[in-house]
2 protein chains.
Amino acid sequence: MAVSARRGTPLNIDEISAAALRLVDAGGVEGLSMRKLAAELAVNPMSLYHHVESKEALLELVCATAARRMSLPSDDGRPWQEQLRALALAYHRHARQHPALWIYVHGHPRMVADRRMSLWQVLERILRLAGVPEEELRRTSDVLYAFVSGIISSQLRGHLPDDPEETGRSLNIAVELIVRGLEGGAAGAGARG
Amino acid sequence: MAVSARRGTPLNIDEISAAALRLVDAGGVEGLSMRKLAAELAVNPMSLYHHVESKEALLELVCATAARRMSLPSDDGRPWQEQLRALALAYHRHARQHPALWIYVHGHPRMVADRRMSLWQVLERILRLAGVPEEELRRTSDVLYAFVSGIISSQLRGHLPDDPEETGRSLNIAVELIVRGLEGGAAGAGARG
DNA sequence: ACCTGAACACCGTTCAAGT
DNA sequence: ACCTGAACACCGTTCAAGT
């Protein structure tokens with residue numbers, strides 16, 4: 001038998017990734033070690049390396065897993081302003097579910113903030129709805145993401161207060177500024193400077 | 001003699017902090033270890049613990065050192081909009097000088113982003129100039145900081161492009177939105193939502 | 001194919017001992 | 001007062017060996 005003495009079933013990557021996410025959520029990224037994870041899975045530490053190339057690769061996997069679980073609002077026909085607010089709130093909810101991982105991602109360049117993530121697709125759809133021209137889509141969504149993630153990051157760090165009421169207020173201020181900027185043609189502002 | 005066999009002079013905390021900052025700038029926070037730092041200073045690793053309580057305390061010290069070196073624009077009588085842009089650019093320059101440390105700070109709650117830092121004092125002065133009422137000063141500066149740090153963070157991660165021209169554009173978009181928001185009474189927007 | 005144990009090169013930190 | 005060496009409890013990862 002090739003199966004572990006301590007377990008009935010062989011390891012698989014989903015199980016590994018789910019357990020790792022649990023550890024990160026509970027104890028932060030520095031609370032995740034290959035050895036603790038192996039213990040959690042009742043397996044020899046070295047067995048993990050048969051499914052994952054390194055700890056860094058594992059963390060990429062964990063990020064992808066968490067991203068896939070994020071629930072995003074679909075096009076419900078409401079005006080783009082409201083849809084933009086709904087998206088910001090959904091993203092904020094996701095960040096609060098996995099604060100340690102979220103912060104980790106934002107400190108590590110190549111983590112799965114890639115363009116194919118559904119988050120970006122939803123965002124671009126809403127911006128098209130808002131009338132942002134195709135050639136400005138990229139920069140506008142980047143700036144907008146930077147704004148919202150800045151707010152979220154401040155809140156996760158406890159820099160901005162974290163009670164739901166104040167949170168809503170801050171996100172609203174942010175979205176309101178962005179909305180106003182878009183309505184007034186924010187893209188043009190950059191060219192001025 | 002109480003002095004190291006390998007060095008003529010005793011260790012002091014400024015020397016430690018400066019060397020640690022050098023290491024972090026060169027190799028990221030994970031490139032700093034007590035042992036490497038000791039080697040850099042030609043000293044036994046354990047000697048460091050006579051000047052610094054732990055690695056975490058050392059990093060706080062390093063952050064404070066870097067913050068003290070940041071050069072901030074003083075009140076030159078220009079309109080608040082221009083002063084705000086100048087402050088954002090100065091902060092961005094600082095972040096680019098110490099990217100690894102900057103990202104580290106923004107992933108660690110209690111790092112010296114405290115209210116007494118001169119950055120915050122300059123920011124509040126400019127916002128007063130902009131006519132932000134005293135009771136809104138705190139939240140407005142928090143949101144504003146969140147915006148600018150979001151932009152900077154995106155750029156450091158290579159998510160937004162990093163050439164000076166594009167950088168200036170993005171920061172300008174951000175500041176422009178904020179300026180417009182302030183002029184239009186952004187604080188009120190929060191209450192609406 | 002999948003798992004394992006021993007081993008290597010690193011960590012941060014404690015402690016008792018040196019001058 | 002300041003420095004040191006040995007030791008402890010952890011890391012991630014390699015490698016040769018087991019079924």
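We name chains A, B, ... by the order of the sequence lines, and we start the count at 1 in each one. Just so you know, these numbers use all the heavy atoms, side chains as well, and skip hydrogens, waters and symmetry mates.
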S.K.: At less than 4.0 Å, is any side-chain N or O atom of A/Ser47 found next to OP1 or OP2 of C/dC2? Yes or no.
M.R.: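 No, A/Ser47 has no side-chain N/O under 4.0 Å of OP1/OP2 on C/dC2.
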
S.K.: Determine the stems involving DNA chain D; a stem requires 3 or more consecutive pairs of the Watson-Crick or G-U wobble kind, each with both distances below 3.5 Å, and the answer is none if no such run exists.
M.R.: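 As far as DNA chain D goes, consecutive pairing (with distances under 3.5 Å) yields the stems C:4-8 with D:12-16, C:12-16 with D:4-8.
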
S.K.: Given 3.5 Å as the limit, does a donor-acceptor pair link the side chain of A/Gln83 with the main chain of A/Asp75, or not?
M.R.: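 It does not hold such a pair.
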
S.K.: Under 4.0 Å from OP1 or OP2 of D/dT4: is there any side-chain N or O of B/His50 that close?
M.R.: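 No, outside the criterion.
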
S.K.: Which nucleotide wins on minimum distance to the side chain of A/Asn44, given the candidates D/dC3, C/dT4, D/dT13?
M.R.: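 Of all the options, the side chain of A/Asn44 is nearest to C/dT4.
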
S.K.: Check whether B/Lys55 reaches the backbone of B/Met34 with its side chain - one donor and one acceptor, N or O, closer than 3.5 Å.
M.R.: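 Looks like no, no N/O pair under 3.5 Å.
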
S.K.: Among C/dG12, C/dA6, D/dT4, find the nucleotide with the atom closest to the side chain of B/Val43.
M.R.: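 Output: D/dT4.
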
S.K.: List in chain and number order the residues that pass side chain to side chain contact (heavy atoms under 4.5 Å, CB included) with B/Ala100, two or more places apart in sequence or in another chain; answer none if no residue qualifies.
M.R.: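 Once residues adjacent in sequence are excluded, the partners of B/Ala100 under the side chain to side chain contact (heavy atoms under 4.5 Å, CB included) criterion are B/Val24.
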
S.K.: Please tell me which of A/Arg35 and A/Leu48 maps to the more 5' nucleotide of DNA chain C, matching each residue to the nucleotide holding its nearest heavy atom.
M.R.: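 Of the two residues, A/Leu48 wins.
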
S.K.: Would you list the atom pairs, donor with acceptor, under 3.5 Å between side chains in residues 63-70 of chain B and any protein atom, with sequence neighbours excluded?
M.R.:
unit_1: B/Thr65; atom_1: OG1; unit_2: B/Ser17; atom_2: OG; d: 2.4
unit_1: B/Thr65; atom_1: OG1; unit_2: B/Leu61; atom_2: O; d: 3.0

S.K.: Rounding to an integer number of Å, can you tell me how far B/Leu37 CG sits from C/dC10 P?
M.R.: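 In whole Å, C/dC10 P and B/Leu37 CG are 17 Å from each other.
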
S.K.: Round to the nearest Å and state the distance from B/Asn12 atom CG to D/dC2 atom C1'.
M.R.: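 It is 13 Å, rounded to the nearest whole Å.
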
S.K.: Taking only residues two or more places apart in sequence, or in another chain, which ones meet B/His51 in a side chain to side chain contact (heavy atoms under 4.5 Å, CB included)?
M.R.: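 If we apply the side chain to side chain contact (heavy atoms under 4.5 Å, CB included) test to B/His51, skipping adjacent residues, the hits are B/Leu11, B/Ile16.
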
S.K.: Provide, to the nearest angstrom, the distance between the NE2 atom belonging to B/His51 and the C1' atom belonging to D/dT4.
M.R.: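 Atom-to-atom, B/His51 to D/dT4, this comes out as 14 Å.
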
S.K.: Parallel under 30°, tilted from 30 to 60°, perpendicular over 60°: which one fits the rings of B/His106 and B/Tyr145?
M.R.: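 Rings of B/His106 and B/Tyr145: parallel, under 30°.
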
S.K.: Could you work out, with side chain to side chain contact (heavy atoms under 4.5 Å, CB included) as the rule, every residue matching A/Leu87, not counting sequence neighbours?
M.R.: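 A/Leu87 satisfies side chain to side chain contact (heavy atoms under 4.5 Å, CB included) with A/Leu72, A/Pro73, A/Leu119, A/Val122, A/Leu123, A/Ile126 once adjacent residues are dropped.
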
S.K.: Please determine, by modelled atom types, if B/His92 and B/Gln155 share a side-chain donor-acceptor pair under 3.5 angstrom.
M.R.: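 Yes, because at least one side-chain N or O of B/His92 sits under 3.5 Å from a partner of the opposite role on B/Gln155.
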
S.K.: Going by heavy atoms closer than 4.0 Å, what residues in residues 17-33 of chain A are next to DNA chain D?
M.R.: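 Hits under 4.0 Å, by residue number: A/Leu32, A/Ser33.
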
S.K.: Considering residues, nucleotides and ligands other than B/Glu53, do more than 12 of their heavy atoms fall under 6.0 Å from its CD?
M.R.: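 No, not enclosed.
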
S.K.: From the list D/dC3, D/dT13, D/dG5, which nucleotide is the closest neighbour of the side chain of A/Lys55?
M.R.: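 Side chain of A/Lys55 sits closest to D/dT13.
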
S.K.: Contact class for A/Met34 (heavy atom, under 4.0 Å): base, sugar-phosphate, or nothing?
M.R.: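 The residue A/Met34 makes sugar-phosphate contact but no base contact.
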
